[in-house]
Amino acid sequence: QSKSPQSKSGSVPKSPRGQKQQSPPQLPNSKGARKEVYGFVGWMTSFVLFGAYLMWALLPDSILHNFGIYYYPDRWWALAAPVYFVILAAYGIFIYYIINLLNTAPLNSVNTIRDKYAKQERNPVLASPEAILPVADIPIDQVNRLIFLDRD
């Protein structure tokens, strides 16, 4: 006789309390689990590549030859490549700043005073002194009066 999980009546076996036995939980088949694996593999790969970079940059040629490594870039690149990447990052930040300046409206543009997203103040005189006023844009003439008006 073969021992199968089904009883003679063909139904699913029950636990001593009379409840159906449940199968063990399955791992979720989601994109999140794959992202975790990819992140871990990328993290480990970066450590291995960094270790290989340090070996190439710091070990003498005789030790690399003992490992069977004969073809590798000149050691000058051990310093030049990181410097190039730092300069590239600095240029990237500078270009990003310049692009933002080019996309900003000039100071004499009407859009710097009021645009479609501006929230106008609604009669703050009627509010009680203890009230917290709603969020609103301060008109440019009021800002100029407070900042540039001589208080002599």
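Count residues from 1 along the sequence. Only this structure's heavy atoms are used, side chains among them; waters, hydrogens and symmetry mates stay out.
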Between [X] and [Y], is there shared hydrophobic-cluster membership here, with clusters defined by ILVMFWY side-chain heavy atoms closer than 4.5 Å?
X: Trp76; Y: Leu54; answer: yes
X: Val48; Y: Met55; answer: no
X: Phe50; Y: Leu59; answer: yes

- Atom of Leu64, atom of Arg75 and distance for their closest heavy-atom approach: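 Taking Leu64 first and Arg75 second, the nearest heavy atoms are CD1-NH2, 3.1 Å.
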- Within a reach of under 6.0 Å around CG of Leu79, are more than 12 heavy atoms found that belong to other residues, nucleotides or ligands? no
- Message: Nearest 0.5 Å, please: how far is CD1 in Ile63 from CD1 in Ile69?
- Response: 11.0 Å
May I have the list of side-chain donor-acceptor pairs in residues 85-95 shorter than 3.5 Å, sequence neighbours left out?
none

- Query: Using 30° and 60° as the class limits, which term best fits the ring planes of Phe40 and Trp43: parallel, tilted or perpendicular?
  - Reply: tilted
- Any residue meeting ring pair (Phe, Tyr, Trp, His ring centres under 6.0 Å) with Tyr84, in chain and number order, not counting sequence neighbours: none
- Got Trp77 and Trp56 here, is their nearest side-chain heavy-atom distance under 4.5 Å? yes
